[in-house]
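One structure is given below, encoded as structure tokens.
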Amino acid sequence: MTDILKDLNKPQQQAVTTTDGPVMVIAGAGSGKTRVLTYRVAYLLSIGIAPYNILALTFTNKASREMRERVASLIDPSKAKSLWMGTFHSIFARLLRAEAPKIDYPSNFTIYDTDDTKRLIRNIIKEQQLDDKTYSPAYVLSRISHAKNNLISVEAYNEDFEIQTQDIQSRKPKLGLLYSIYQQRLRKASAMDFDDLLFNTNVLLRDFPEVLYKYQQRFSYILVDEYQDTNYSQYLIVKKLAANNENICVVGDDAQSIYAFRGANIQNILNFKKDYPEYKLFKLEQNYRSTQHIVNAANGIIANNKDQIFKKVWTSNEAGEKVHVVKTANEGDEASWLTSRIFSIQANDQLPYSSFAILYRTNAQSRALEEALRRMNIPYRIFGGISFYQRKEVKDVLAYFRLIINPMDEDAFLRVINFPARGLGQTTVSKLLSVANDTGKSLWEVACNPTDYNAGLHAGARGKLEQFVTLIKGFGALLFKVNAFELGEKVLNLTGIRRFYFEDGSAESINRRENIEELLSGLKEFVSARPEEEGETEHSMRTLDEFMQDIALLTDVDVKEKRQNNTSDDSNKVSLMTIHAAKGLEFPYVFITGAEENLFPSIMSIGSREELEEERRLFYVALTRAMKLATVTYAETRFKYGNFSFCEPSRFIDELDPEHTNFLAGPGMKKVQTKTIDDFGNGLARFKKLGHANQPTKKPEQITSQKLVNQHPPHQTKNNLTPDAGQTDFSILTPDMLQINTMVQHQRFGTGTVVGLEGGAQNAKATVVFKNFGKKQLLLKFARLKVISQQ
DNA sequence: AAAGCGGTACTTTTT
DNA sequence: GTACCGCTTT
């Protein structure tokens with residue numbers, strides 16, 4: 001072990017071997033931060049610390065996975081397995097499951113993601129009959145989230161004079177009420193959102209000293225990665241757990257804090273000094289990643305920030321090329337200029353396309369870039385977008401899983417009760433909802449005994465509801481009897497989801513089908529990938545319940561990683577992503593696009609110094625991703641929200657030191673000018689300071705373009721037959737003329753075969769598979785089907 | 001039940 | 001420009 005210390009420079013070595021007492025490591029970009037963390041863990045193990053006594057907290061699953069793998073390669077892999085290493089959320093979700101009853105939650109509580117949460121909030125706003133412009137779900141959520149991250153409970157929120165005044169002044173006096181109802185509903189559903197995982201951990205550690213003591217003993221060595229990104233709630237958990245022996249090591253870089261908008265608090269770095277006066281500070285200042293010009297240009301940028309910890313990042317790498325700055329006429333030119341540039345560099349230097357990254361401030365910018373890359377036939381990979389687990393079809397299946405595991409889960413219940421359609425529509429659901437709200441019972445409870453609660457359902461609805469309840473109960477009985485994959489298969493088959501997506505031939509359905517297949521193979525992998533862990537009996541089997549716990553805190557990136565490992569051919573592609581997504585990554589050639597005022601820095605952030613400094617740190621992060629060459633591009637005009645707008649070059653371009661910058665002539669362009677925290681108390685003060693969102697002070701200069709001439713003539717699609725387009729009369733049919741297998745003709749969908757019939761009289765419905773349009777459910781009252789042939 | 005229409009709003013987002 | 005929502009029509 002001692003010889004691996006040779007891989008480290010002096011301050012890195014100190015950061016690794018100073019194991020006892022509080023340690024803070026300020027790690028400049030590219031200075032080997034991850035290396036220090038992994039070596040420190042390996043070092044602790046090598047001096048005899050038991051792996052289960054080490055708690056290592058990261059912000060992403062990816063970071064924790066990488067760290068675990070790297071530790072495993074340095075030392076005994078079996079030891080690496082029993083480390084407490086993971087994201088804040090996953091580690092404390094695990095802890096909460098073990099201790100849930102203490103805070104009145106069942107241990108099978110559901111974790112709501114942002115999507116579920118938004119649905120719930122939207123429903124509450126609607127129920128309260130509030131205007132969803134004043135109370136936009138996104139705003140309400142961010143307000144609640146900020147409160148929770150600063151440990152302000154519902155009670156504290158509603159009792160606090162200043163917060164109340166603020167809300168009244170901004171004419172949103174009901175925020176406190178919404179917060180209160182939201183928390184009630186989560187609890188009723190036995191659900192926690194992401195912020196609750198941390199909030200409730202704080203409650204647990206505050207109210208149960210014996211629990212706190214237990215975990216203080218267990219986690220005798222604590223490491224925290226990306227400390228600059230911790231919020232108050234996370235900060236306090238760490239502080240409490242470390243209070244006993246203070247063997248705590250935090251690693252971060254204040255210059256790379258780019259998540260303050262989500263509640264991260266750089267103050268936590270500065271507070272470290274106060275909390276642990278005898279702490280040791282190590283600064284990693286040697287950059288191993290970038291050229292001198294890049295490092296110096298980046299230093300020059302960050303020097304414009306007032307809030308920072310002094311450090312001098314330097315490198316012994318070659319001087320390299322100056323940072324390039326290029327001006328183009330518009331976003332199309334920008335895209336094609338940089339695309340041909342990438343093409344020529346890779347051709348000249350025989351580089352794989354994976355050496356290049358194109359970064360942008362907002363996802364919307366990717367389109368023009370993608371188009372240019374496609375035109376040039378350059379392979380690329382785009383990061384971000386809709387997460388696998390967020391896709392509708394995947395969420396639908398997962399909602400069944402959630403309901404099986406936790407029938408109290410209201411969001412899941414509402415999501416699946418009529419999917420696939422089983423005649424339990426809006427009317428039935430609102431009846432159930434009103435009973436549930438009136439009696440305070442869960443929807444599930446009411447659905448199980450509709451008669452007892454006088455839900456007022458018709459016999460038909462009652463029958464269907466009973467079928468549905470029985471179906472879910474049946475799955476529930478199997479939860480611990482069959483493995484996750486088998487149960488998943490049963491759910492797909494017996495609920496009709498499989499039929500719903502698989503009999504339909506439309507392109508969209510094929511896509512959805514593939515995603516469902518992917519989910520299934522995920523289940524299969526999960527049940528078969530039983531790692532050789534200690535204490536396994538032949539009975540051991542991985543259940544759906546475990547699967548859901550596993551994926552609850554996974555994100556898009558994690559799924560992609562997995563897929564990538566399977567497919568492999570992604571190595572030769574240009575990477576496109578937001579700067580946020582690029583954090584922690586490095587590329588030989590980096591293009592930073594859209595360096596324009598109001599875009600980067602974002603118009604939303606130019607109102608306050610704090611927010612502007614965050615944008616600047618973002619620019620710093622972008623620059624320091626580059627190993628060999630960083631190129632900054634901007635456009636004179638950009639098509640935004642359907643309008644052309646004129647753009648000013650970003651102020652960050654002016655801040656680039658000319659000594660390290662090369663202003664290239666773009667396509668036909670001229671040059672540019674050049675305290676002791678008493679638990680929940682302190683959060684209140686911090687929260688108030690935050691106040692409400694800043695109003696933008698400046699409007700982008702915009703001209704309204706005369707609308708471009710509509711490119712398509714008024715359409716005359718072939719499928720858009722009018723009744724008089726040579727078709728015979730479509731008479732209204734009565735259901736009894738149809739049977740399974742009847743061939744029918746539809747005005748728009750053409751010919752098809754009846755595969756199902758339901759309902760009678762007014763609401764008779766037929767399920768028809770059309771040759772060209774796939775499966776449709778049609779209300780016969782409107783569909784005007786014509787019988788072509790029987791049988 | 002599903003499609004079509006018109007109005008509206010829009011950053012970043014590890015969990 | 002487009003994605004999304006709610007309302008209307010079939």
Side-chain angles (χ1 to χ4, degrees), chain A residues 57-64 86-93 111-114 117 122 126 132-133 136-138 141-142 145 149 192-198 225-226 229-231 233-234 258-264 359-365 367-368 384 386-387 389 418 420-421 423 425-426 552-558 577-584 594 598-606 611 614-615 617-618 621 638-644 693 696 705 707-708 720 723 730 732 746-749 758-759 763-767 773 776-784:
Chain A
L57 298 168
T58 63
F59 273 78
T60 64
N61 293 302
K62 193 176 161 214
S64 85
T87 62
F88 271 91
H89 291 85
S90 70
I91 292 281
F92 295 118
I111 297 172
Y112 275 13
D113 68 17
T114 319
T117 286
R122 194 171 288 134
K126 215 176 280 175
D132 67 356
K133 307 244 159 44
S136 81
L141 267 179
S142 80
S145 174
N149 287 332
M192 296 191 198
D193 66 16
F194 289 145
D195 302 322
D196 283 335
L197 294 173
L198 305 172
D225 190 13
E226 308 277 17
D229 287 338
T230 48
N231 59 37
S233 179
Q234 291 163 324
I258 54 174
Y259 284 102
F261 75 96
R262 286 179 74 256
L359 308 183
Y360 35 82
R361 177 69 244 264
T362 67
N363 281 308
Q365 287 166 250
R367 245 191 71 203
I386 325 133
S387 145
Y389 289 113
N418 203 32
Q426 226 173 6
L553 298 167
L554 283 192
T555 59
D556 195 24
V557 189
D558 303 308
M577 66 188 92
T578 63
I579 300 161
H580 283 89
K583 189 173 174 197
N598 298 323
L599 181 60
F600 192 12
S602 158
I603 186 163
M604 311 298 283
S605 303
I606 55 182
E611 286 172 301
E614 177 144 320
E615 295 282 317
R617 293 192 293 270
L618 201 52
V621 167
R638 189 173 288 274
F639 210 54
K640 248 188 240 174
Y641 303 140
N643 283 339
F644 283 111
S705 68
K707 277 269 183 291
L708 291 172
N720 209 353
F730 289 92
I732 299 169
H746 183 270
Q747 267 191 38
R748 272 198 23 241
F749 298 140
E758 60 182 294
N763 293 313
K765 269 189 304 188
T767 309
F773 287 83
K776 302 278 176 205
Q777 290 209 330
L778 303 165
L779 212 51
L780 293 181
K781 198 163 38 164
F782 301 124
R784 298 169 165 243

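So you know, we letter chains A, B, ... as the sequences are listed, proteins then strands, and number each from 1.
- Each of B:dA1, C:dC5, C:dG1 was ranked by its minimum atom distance to the side chain of A:Arg367; first place goes to C:dG1.
- Checking each of A:Thr578, A:Thr60, A:Leu618, A:Ile258 against A:Lys583 for a side-chain contact (heavy atoms from CB on, under 4.5 Å) leaves exactly one that passes, namely A:Ile258.
- In this structure, A:Ile606 atom CD1 and B:dT12 atom C1' are separated by 15 Å, rounded to whole Å.
- Interatomic distance, A:Ser64 OG to A:Asp225 CG, rounded to the nearest 0.5 Å: 10.0 Å.
- Distance CD/A:Glu615 to CG/A:Leu599: 9.5 Å, rounded to 0.5 Å.
- At the heavy-atom level, A:Tyr259 lies under 4.0 Å from base atoms of the strands shown.
- Between the C1' atom of B:dT13 and the CD1 atom of A:Ile579 lies a distance of 14 Å, rounded to the nearest Å.
- Atoms CZ and OH, from A:Arg617 and A:Tyr259 in turn, are 12.5 Å apart once rounded to the nearest 0.5 Å.
- Across all strands shown, C:dG6 pairs with B:dC5; the Watson-Crick or G-U wobble distances both stay below 3.5 Å.
- Side-chain contact between A:Glu611 and A:Met604: absent, with no pair of heavy atoms (C-beta onward) separated by less than 4.5 Å.
- Heavy-atom distances to DNA chain B give each of A:Asn418 and A:His580 a nearest nucleotide, and the one nearer the 5′ end belongs to A:Asn418.
- Contacts of A:Asp113 with the nucleic acid, taken as non-hydrogen atoms under 4.0 Å apart, are absent.
- Straight-line distance from the CZ atom of A:Phe644 to the C1' atom of C:dG1: 11 Å, rounded to whole Å.
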Report, one pair per line, the protein and nucleotides 6-11 of chain B atoms (nitrogen or oxygen only) whose separation is under 3.5 Å.
residue, atom, partner, partner atom, Å
B:dT11, OP1, A:Tyr641, OH, 3.0

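- Side-chain atoms of A:Arg122 lie closest to C:dC5 of the nucleotides B:dT13, C:dC5, C:dG1.
- When both pairing distances are held under 3.5 Å, B:dC10 makes a Watson-Crick or G-U pair with C:dG1.
- If you measure from atom CG of A:Asn231 to atom C1' of B:dT13, you get 13 Å, rounded to the nearest angstrom.
- The distance between atom CZ of A:Phe639 and atom C1' of C:dT2, rounded to the nearest whole Å, is 12 Å.
- Residue contacts for A:Ser136: at a heavy-atom cut-off of 4.0 Å it reaches no nucleic acid atom on any strand shown.
- Using a 4.5 Å cut-off on side-chain heavy atoms (C-beta onward), A:His89 and A:Leu198 make contact.
- Between A:Leu553 and A:Phe194, the closest side-chain pair of non-hydrogen atoms falls below 4.5 Å.
- For the pair A:Glu614 CD and B:dT12 P, the computed distance is 13 Å after rounding to whole Å.
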